[in-house]
Amino acid sequence: MEAIKLSMTISSEEYRQKLTAAFSPEILKALLLAVADAYRTTPEHCKRHFDLPDRHDLIGHIRRARIHEGIRGVAERFSLKAEDGPNLNGSSRFLSIFSGEIRMICCKISTKRSMLRPAKIRKVLAKDNYDAQHLLFGEDPARTEEALQHLAVLVHAPKGRSRDQAGFIDIVIPNRPFTQYMKRLELFSMFPAEIAEHQELFKRRKRRIDAEGA
Amino acid sequence: MKIGTIGFVGERLREGREARGFTAAALAVPLQVTPAAITQYEKGIQSPRPDVMDRIIATLQLPAVFFLRKPERESGVVFWRSLANSTKLAQMVGECRLGWVQDITTTLEEHLELPPINLPEFNIPRDPLAIGDELIERLAAETRKFWGLGDGPIENVTGLLERNGIVLARDDLRAPALDALSKWCPENHSAFCLVSSGKESTARSRLSVLHELGHLVLHRGLDRWHLENKKLHQLIEAQAFRFGGAFALPAESFASDVYSLSLDAFVNLKYKWKFAIGMMLKRCESLGIGKEETHERLWRSLSSRGWRLSEPLDDEIPSEHPTLLADGIRFILDQKVLTAEQFCYTCALAPRDVEELADLGPGTIDPTLRTNVAMLPTQEPGAVPPITGKRATLFSFPSR
């Protein structure tokens, strides 16, 4: 396999290019809607099937499953490779989708500015996420015999205390030690009309359900 | 000399019997005659005695005039949905009631001008085998264009067909295996559809209506024998479904809306397009969106969630009711052009049947069907009324 030569650090702009080359605007929009769907539908699903207090703790788990299902559906829709795999100690499974030089997983974080937890598996997956610092310390990605595969993470979190709405849905590229994000795509800002339409649909539905309930 | 009923039309007894779902043998019992006598009445060899005639009217719940007048009804090919699993008797019920929709329309047309038929004329092969998927997709797109619909969701499918001159009625059809039927009358260019009001959700019923539109666009030129051939009939049904799907969910705009092949995404799309999730999955299959194994996974998932019987949003999509016949009748009655009795007499139908087929509320025509609801005084919570009066006595029912 042809070795990949990197003469300089990979800049933020280069990561943006890699991300947009891997994921077209249609795919990014689809990922946004799939995650937004999971946020909207999970509380309703849990309410239908579980009582409090158990319901409270379940929402996160069920939302994760629904996000995975939605993203897997996006991968199938756009003929991307999707792979389910266990973490390093086998305690849970996670979904990856692949396109171009990017492997994307998804993860809930606490706030928009929170850093991803450097879980062992993520560190392994982020081995090719070089930044300037690593090049300075003599780590040369040109030595690799394999094509680089950068880890992107679709990060999301609820909007404040409301559990049926995402506060943000972004795609980030973390550096290898998970100390900073080298690139961030803010999907809400990229597709304001689509997310507004999606929110309006659900608001109308919620109003109708509330009205019928009253 | 035998006393019969002067002017009795035997064919109408057969029609009335079939419309009520009686076999000749079953009807013979309440009429207190032999099945052979029924056959003779129907063939016009004999006419019923006055006492039998009274029992016919009472049993079939049709007015006397029904049996004395043969309406001038244009014949045409009737297209069926669910022919395979519906009984012959159920089909007859449907066909008779569709004929009654025609009679109501004819009576209305004597006093009102209904929207003229506005179906596009295409050069379609008369042989169903020559109608391919590509042609169906193109014709569905051209029909949308002809009606100026663009390529977005259709808000009200029933209203759309009515505005374009297709007379629609909803009826429970008295047979669960029947979904819908339609008829094209080539001489005066009129089209009638009867859609089941019973089991289907609005999302599914909207497809039934478009399925019938598919027949009216694609199969107007077919002969009855095409429908009697089982294999051809299956093909014709598949073509009408393909047309319905293509008309409801245009290839380009629908495909660009399918952002994920997951059931959650389809629930979201159902809210926008107002068609059943199962139908959208089928549409994805026919448009080649996703792989075969993806479709299989989604169908399995659909079944395991119990969505083949009842889907999310089924109770949230407002139902569509035809309004053309109901508005026409109300107008005629309000303007005192005819009284309710005169209207029913003219179309030779029972008030209840007119009310059901025209989707009028019960009691609009027949005052005896009006529900009288009176508000009772509400009781204070906790105030249990004292038990007064004698103790109840138990009576045992006589054994059979």
Side-chain angles (χ1 to χ4, degrees), chain A residues 23-45 48-49 62-82 84 95 97 187 191 194-195 197-213, chain B residues 152-153 155 201-203 249 251-275 277 280-281 283-307 310-319:
Chain A
F23 302 118
S24 66
E26 285 74 29
I27 298 176
L28 292 175
K29 186 177 83 179
L31 290 168
L32 168 70
L33 293 178
V35 179
D37 274 349
Y39 267 90
R40 291 292 183 182
T41 54
T42 302
E44 196 184 314
H45 172 93
R48 210 167 35 238
H49 295 283
I62 292 182
R63 184 170 54 217
R64 182 174 185 269
R66 286 193 162 222
I67 287 174
H68 280 185
E69 197 175 76
I71 291 179
R72 197 177 293 113
V74 172
E76 285 171 344
R77 170 69 183 91
F78 294 96
S79 307
L80 306 179
K81 184 184 162 198
D84 280 287
L95 174 76
I97 61 172
L187 300 186
F191 304 101
E194 285 79 1
I195 200 68
E197 186 189 8
H198 185 270
Q199 284 172 350
E200 183 52 34
L201 273 182
F202 274 91
K203 269 185 203 160
R204 279 203 330 243
R205 188 170 170 213
K206 198 162 182 255
R207 273 199 295 269
R208 190 183 304 204
I209 292 170
D210 290 347
E212 280 171 8
Chain B
E155 198 56 39
S201 64
T202 305
L249 308 168
E252 213 167 294
S253 54
F254 175 67
S256 72
D257 267 6
V258 179
Y259 55 90
S260 172
L261 291 169
S262 70
L263 291 184
D264 271 353
F266 282 108
V267 173
N268 202 10
L269 290 177
K270 181 174 178 179
Y271 205 82
K272 180 175 179 182
W273 289 90
K274 297 186 177 64
F275 285 99
I277 293 169
M280 291 193 280
L281 277 183
R283 185 73 181 136
C284 285
E285 280 180 359
S286 38
L287 292 175
I289 299 172
K291 293 181 201 153
E292 205 178 319
E293 54 262 34
T294 306
H295 301 143
E296 280 170 12
R297 177 180 62 77
L298 288 168
W299 283 116
R300 271 199 309 275
S301 210
L302 194 89
S303 295
S304 66
R305 292 187 192 191
W307 290 5
S310 166
E311 288 183 358
L313 303 183
D314 272 352
D315 50 352
E316 289 177 42
I317 296 174
S319 54

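Below, chains carry the letters A, B, ... as their sequence lines are ordered, and counting in each starts from 1. Computed from a prediction, not measured in an experiment: that's the story for all the values here.
Heavy atoms only, all atoms of each residue included: Leu33(A) and Tyr259(B) are closest at CB-CE1, 3.5 Å.
Glu76(A) pairs with exactly one of Ile289(B), Leu298(B), Thr294(B) by the side chain to side chain contact (heavy atoms under 4.5 Å, CB included) rule, that one being Thr294(B).
At most 12 heavy atoms of other shown residues, nucleotides or ligands fall within 6.0 angstrom of atom CD in Glu155(B). Counting heavy-atom neighbours within 6.0 Å of Glu252(B) CD, excluding the residue itself, gives a total of 12 or less.
Top candidate by heavy-atom pairs under 4.5 Å with chain B, chosen from Ala34(A), Ser79(A), Gly73(A), is Gly73(A). Looking only at heavy-atom pairs under 4.5 Å with chain A, the residue among Ser262(B), Ala265(B), Ser256(B), Ser260(B) that has the most is Ser260(B).
Heavy atoms of His198(A) lying under 4.5 Å from chain B belong exclusively to its side chain. With a 4.5 angstrom heavy-atom cutoff, Glu26(A) does not touch chain B via any of its atoms.
Within the model, atoms CG of Asp264(B) and CD1 of Ile67(A) stand 10.5 Å from one another, a figure rounded to the nearest 0.5 Å.
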